[in-house]
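First up is the structure itself, then whatever we jot down about it.
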Protein chains: 2
Amino acid sequence: MTATPAPRVTIKDVAARAGVSKGAVSLAFNHKPGLSEATRERIFEAARELGWAPNLTARTLAGSRVDVVGLAICRPARLLGLEPFYMEFISGVESVLTEHSCSLLLRLVRTVEEEVALQETWWRGRQIGGSILVDFRTDDPRVAAVERLGMPVVAVGHPSLTGALTSVWTEDATAVTEAVRYLAALGHRRIARVGGAAALGHSSMRTAAFDRTARALELAGAWQVATDYSGEAGARATRSLLTAAPADRPTAIVYDNDIMAVAGLSVAAEMGLGVPDDVSLLAWDDSQLCRLTHPTLSAMSHDVHGFGVEAARTLFGVIMGEGPGSHPVPTPVLTPRGSTAPPKV
Amino acid sequence: MTATPAPRVTIKDVAARAGVSKGAVSLAFNHKPGLSEATRERIFEAARELGWAPNLTARTLAGSRVDVVGLAICRPARLLGLEPFYMEFISGVESVLTEHSCSLLLRLVRTVEEEVALQETWWRGRQIGGSILVDFRTDDPRVAAVERLGMPVVAVGHPSLTGALTSVWTEDATAVTEAVRYLAALGHRRIARVGGAAALGHSSMRTAAFDRTARALELAGAWQVATDYSGEAGARATRSLLTAAPADRPTAIVYDNDIMAVAGLSVAAEMGLGVPDDVSLLAWDDSQLCRLTHPTLSAMSHDVHGFGVEAARTLFGVIMGEGPGSHPVPTPVLTPRGSTAPPKV
DNA sequence: AACGTTTTCTTAACCGGTAAAGTCTCTATC
DNA sequence: GATAGAGACTTTACCGGTTAAGAAAACGTT
């Protein structure tokens, strides 16, 4: 990619027009002391006339601030578009960045290793002032890499996964337990969970919590399926869970996001099973989608937008030099709607 | 935001370690001729040992390529998270950028004017090599601004809105006409459209096309409602359309995106109206969502991911110096599913 | 009037690269 | 044996800002 020729106006032109030196223009534009009001005004006037604004690249190189933060997401591009979670999370991040006139550098990567390399390039190249790291896995290589680089980041994930990095996280295990307890309290004894990719740390934590709770409650049946979070995978998982004989199949299913829950809903309908009469469904994340289906979806609800806001705020804190910290955001809360009820039996 | 102190290794260190000059290192890393294989190898070795990678900021300033493209979206952050369209579009863009080791600089803005200022800052500051412009309105100020700057962009919008800019677009008017004709062919005489914001160019083009087609077909009733694309707005619009007496209300509704169609579906259910028996619904964009509802949603279907791919490819073309051009992508095609049928009457 | 302070502005070095022009060595040619 | 040309580097001048150090003018003091 080459730059196209364009008559760029630089600080020198402004200086010439205002009849001062480059340095003076720099002082004016950084609101630093050492200039009279008159010259200051003259400089701004000249800049306005020429339509000049400081070149951020040069400014960055010269060693001042960087007004970009990075976000690399390690999922296939196609799946990403379907996940309401990320877009909502990003919109929360953006709303904070915008306040700081800061932009988001976004990149999809294929592997964690690729992400490590990318973050290093970004940081070394002063492309970013810090990064938001997501989708932690157990023994995530980013923890060590980032510490080695001394790069400011916020880790979106449970502290047990993010090492000494400042983290923003939700208490997933508690939420899973609450979800299962709720279904059990309704009378369900055979409960399934359609989860995310096993490699993801938060997914495996949910898996463990589900197991623990199922044992503690002495459920008669407990299934877990790993998926890629897509609607298709959710549909497939639901179909295979529900094809068992009525006495052997789950009477309640918990999903790890809401797109899979919506898919599960239509699979139930297609199989002639009533929701919540024959099977109860419980979604996760609770985007607007859950209120748009029929029946409406009960869900473990949390404020994903607010999650993004908190992540961005925390990152700014780290960049400003705050020490490492742990920032839990509210645990998803159960929001019962039309898709959960006691089993008919 | 200030940079944290970190011992950065620069080209000078590598040069010293390899026992050559800065220039030689630069030649090696840009794969330019003029170095023996031996030195080249020695330089890479030194770089590897020191963990050095070229500083992109410096490289950019020195006047070579810029491996970032910009995308500013002018919608409230909260609404954005709910729109499957953008995330899917972005994922298409990303998939092309990734091939070129290029990142996306994303920013939400409040107004077009703010976007003009931002694009100018980005471009002047060499932050980006080009931009993808979306959400064109009539007499969009970006057209003139971008031409003045001589900045490479691809305009996602109908050529009638994007002036002389290279554009990537879908023939919305044709699609609207097809949608209405299809419903009319099914026997519907009272048809409504729940559209997007009136200020958006493509929305007003759809409005005009709907009007024209309604008149041409001499429909007995034709309504249009402008919304902000949110599910809530779609629900509200649907509710108000369907509260009229059975003989006066629409028997078919076309939506401008699929989230509103899903919302419409649940409003119909809540009002005790059968879909498609009492009212037919037709969605737009056709994300996975349309196949997950019950009944499944008929939709004007297009490949949004592919749309993003084409936009990114075209932008690379412009950056490489291709002249202005117009790149239509396939017109959305009607995909009948379970939500449309002849009116019961 | 001489002198120390401020205030205001200029100079010049630097950030970390790129690239055009220059230097030096080695080989081929007549 | 002088000359030219190619190959392998080095030098040096930017890119467009920031910033520490320096200089000139304005001011208050004694």
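Any value given below was found using the heavy atoms of this structure, including those in side chains, with hydrogens, waters and symmetry copies removed. Since the model is a prediction, treat every value here as computed from it, not as a measurement. Numbered from 1 within each chain, the chains take letters A, B, ... in sequence-line order.
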Please classify the nucleic acid contact of [X] as base, sugar-phosphate, or nothing, using heavy-atom distances under 4.0 Å.
{"X": "B:Thr10", "value": "sugar-phosphate"}
{"X": "B:Val25", "value": "nothing"}
{"X": "B:Ser21", "value": "base"}

Side chain of B:Leu61 - closest among C:dG17, C:dT10, D:dC15: D:dC15
Taking the minimum atom-to-atom distance to the side chain of A:Lys22, which one of D:dG16, D:dG17, C:dG17 wins? D:dG17
Measure the distance from [atom1] on [X] to [atom2] on [N] and round it to the nearest whole Å.
{"X": "A:Leu56", "N": "D:dT18", "atom1": "CG", "atom2": "C1'", "result": "14 Å"}
{"X": "B:Phe29", "N": "C:dG17", "atom1": "CZ", "atom2": "P", "result": "10 Å"}
{"X": "A:Ile11", "N": "D:dG16", "atom1": "CD1", "atom2": "C1'", "result": "7 Å"}
{"X": "A:Trp52", "N": "D:dG16", "atom1": "CH2", "atom2": "C1'", "result": "9 Å"}
{"X": "B:Lys12", "N": "C:dC15", "atom1": "NZ", "atom2": "C1'", "result": "9 Å"}
{"X": "B:Arg124", "N": "D:dG17", "atom1": "CZ", "atom2": "P", "result": "11 Å"}
{"X": "A:Leu27", "N": "D:dA20", "atom1": "CG", "atom2": "P", "result": "11 Å"}

Indicate yes or no for a side-chain donor-acceptor contact from [X] to the backbone of [Y] under 3.5 Å, with no hydrogens or angles considered.
{"X": "A:Arg142", "Y": "A:Val134", "result": "yes"}
{"X": "A:Thr10", "Y": "A:Lys12", "result": "yes"}
{"X": "A:Ser167", "Y": "A:Ser326", "result": "no"}
{"X": "B:Asn55", "Y": "B:Thr57", "result": "yes"}

Quick one: side chain to side chain donor-acceptor pair (under 3.5 Å) partners of B:Thr138, sequence neighbours excluded? none
Who are the side chain to side chain donor-acceptor pair (under 3.5 Å) partners of A:Gln127, not counting sequence neighbours? none
DNA chain C contacts among residues 33-46 of chain A, heavy-atom distance under 4.0 Å: A:Gly34, A:Leu35, A:Ser36, A:Thr39
Looking at C:dC15, I'd like to know if its phosphate oxygens (OP1 or OP2) sit under 4.0 Å from a side-chain N or O belonging to B:Asn55. no
Phosphate contact (C:dA19 OP1 or OP2) by B:Lys32 side-chain N/O below 4.0 Å: yes
Where do B:His202 and B:Val156 land on the side-chain contact (heavy atoms from CB on, under 4.5 Å) test, with the steps shown first? CA-CA 10 Å; B:His202 74 271; B:Val156 176; over 6 Å; no
Starting at CD1 of B:Ile43, measure out to CZ of B:Arg17 and round the result to the nearest 0.5 Å. 13.5 Å
Considering the terminal five base pairs at each end of the helix from C:dA1-D:dT30 to C:dC30-D:dG1, what angle separates the two local helix axes, rounded to 10°? 60°
Give me the distances for all protein-to-nucleotides 22-28 of chain D N/O pairs that come in under 3.5 Å?
none

B:Arg148, CZ atom: more than 12 neighbouring heavy atoms under 6.0 Å: yes
Centroid separation A:Phe29 to A:Trp52 less than 6.0 Å: yes
Check the orientation of A:Tyr86 and A:Phe89. Use parallel for under 30°, tilted for 30 to 60°, and perpendicular for over 60°. perpendicular
By nearest nucleotide on DNA chain D, pick out whichever of A:Ala53 and B:Gly19 is the more 5' one. B:Gly19
Holding to salt bridge (Lys or Arg N to Asp or Glu O under 4.0 Å), I want the full list of residues that pass it with A:Arg124, two or more places apart in sequence or in another chain. A:Glu120
